[in-house]
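Let me begin by presenting the structure, written as structure tokens, before commenting on it.
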Amino acid sequence: MARTESARSTVDARTLLEAIALAPDARTSMRVAVEQLKAQVPHYTWVGIYLLEGNELVLGPFLGKPSPHTRIPLNRGICGAAASQQQTIIVDDVNSDPRYLACSLETKSEIVVPIMKGGQVFGEIDIDSDQPAAFDSRDKALLENVARALANRLSGA
Ligand code: SME
């Protein structure tokens, strides 16, 4: 745990939130978030953002192996569940979750955090880890802050 803990504490959340707020446009703010999260947290193996278009989640900026899941219906996957339920989902062992849509054979755990504001879902942050049970309440708190900042950009606020 010590390795994971020290890795996560390297995230400069304030600088990241400022970069999201100050990016010239919403698309850039999403790219900045993905790049900084991937670069700063070693156990974040795959970092991406899906955007809600109608009843589908469409893959936007991401870093990691290309995913076969570029469009996910709201009733499929852990991604679909988090957006429909409008809440963060942490899965410690993806292979024991029947909802899981595999992106890479190495993936062991996943967190999906909706990007939403005033009850409206704009998309979500999806992060996979090659470590089992890699995500806890600290990841949830960090990523929900990032999602709030992105929701402000995507809603045009
Ligand atoms: N695992 C996700 C699909 C997206 S890939 O991980 C990039 C899911 O179950 O919805």
Side-chain angles (χ1 to χ4, degrees), residues 1 3-4 7-8 10-11 13 16 19-20 23 26-117 119-151 153-155:
M1 274 316 276
R3 185 164 55 86
T4 299
R8 193 185 289 100
T10 63
V11 176
L16 174 51
I20 291 168
R27 192 88 199 164
T28 308
S29 70
M30 290 190 286
R31 193 171 47 72
V32 163
V34 166
E35 283 173 359
Q36 292 204 20
L37 289 169
K38 177 79 171 77
Q40 292 186 39
V41 191
H43 69 277
Y44 290 1
T45 310
W46 190 96
V47 180
I49 292 177
Y50 283 89
L51 291 171
L52 187 60
E53 289 183 15
N55 286 326
E56 278 189 328
L57 293 155
V58 179
L59 184 58
F62 73 94
L63 284 171
K65 286 188 192 168
S67 169
H69 303 293
T70 55
R71 301 184 84 90
I72 302 175
L74 277 179
N75 60 358
R76 294 206 61 213
I78 296 161
C79 285
S84 328
Q85 293 165 20
Q86 302 195 4
Q87 62 183 21
T88 297
I89 296 180
I90 292 175
V91 177
D92 288 342
D93 174 10
V94 291
N95 292 310
S96 67
D97 192 315
R99 299 170 297 184
Y100 176 61
L101 299 171
C103 175
S104 154
L105 287 177
E106 285 85 45
T107 298
K108 300 288 190 302
S109 56
E110 179 163 7
I111 184 169
V112 185
V113 180
I115 298 169
M116 58 188 182
K117 187 173 182 179
Q120 186 184 353
V121 175
F122 296 97
E124 60 194 21
I125 303 167
D126 178 19
I127 301 184
D128 292 345
S129 181
D130 289 356
Q131 296 178 24
F135 306 105
D136 65 16
S137 59
R138 292 162 299 176
D139 300 279
K140 182 173 185 285
L142 167 69
L143 295 170
E144 288 180 351
N145 274 329
V146 172
R148 254 190 298 278
L150 289 171
R153 299 307 307 266
L154 289 164
S155 68

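When a ligand or atom number is given, it counts from 1 through the structure's own listing order. Just so we're clear, the structure is a prediction, and the values are computed from it rather than from any experiment.
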Under 3.5 Å, N or O to N or O, is [X] touching ligand 1 that way?
X    : result
I78  : yes
G80  : no
C103 : no

Looking at [atom1] of [X] and [atom2] of [Y], how far apart are the two atoms once the value is rounded to the nearest 0.5 Å?
X    : Y    : atom1 : atom2 : result
L143 : L37  : CG    : CG    : 6.0 Å
D128 : E110 : CG    : CD    : 4.5 Å
L63  : E35  : CG    : CD    : 6.0 Å

Between L59 and ligand 1, which part of the residue brings a heavy atom under 4.0 Å of the ligand: side chain, backbone, both or neither?
neither

Ligand 1-proximal atoms of F62, by part, heavy-atom distance under 4.0 Å
neither

Does either side chain, that of Y44 or that of D139, offer a donor lying less than 3.5 Å from an acceptor on the other one?
yes

Is it true that E106 and S104 share a donor-acceptor pair across their side chains at a distance under 3.5 Å?
yes

Nearest protein heavy atom with distance in Å, relative to atom 2 (C) of ligand 1:
E110 OE2, 3.2 Å

among protein heavy atoms, the one nearest atom 9 (O) of ligand 1 is L101 N, 2.8 Å

Take every heavy atom of Y50, measure it against each atom of ligand 1, and state whether any distance is under 4.0 Å.
yes

Numbering the atoms of ligand 1 from 1, which are under 4.0 Å from a heavy atom of [X]?
X    : value
S67  : 5 (S), 7 (C)
Y100 : 1 (N), 9 (O)
D126 : 4 (C), 5 (S), 6 (O), 7 (C)
D128 : 6 (O)

F62 versus S67: any side-chain heavy-atom pair under 4.5 Å?
no

So the side-chain hydrogen bond (donor to acceptor under 3.5 Å, both in side chains) pairs with at least one residue in residues 79-94 (sequence neighbours excluded) are Q85-Q87, T88-E144, D93-S96

Does the S29 side chain pair with the main chain of L150, one donor and one acceptor, at a distance under 3.5 Å?
no

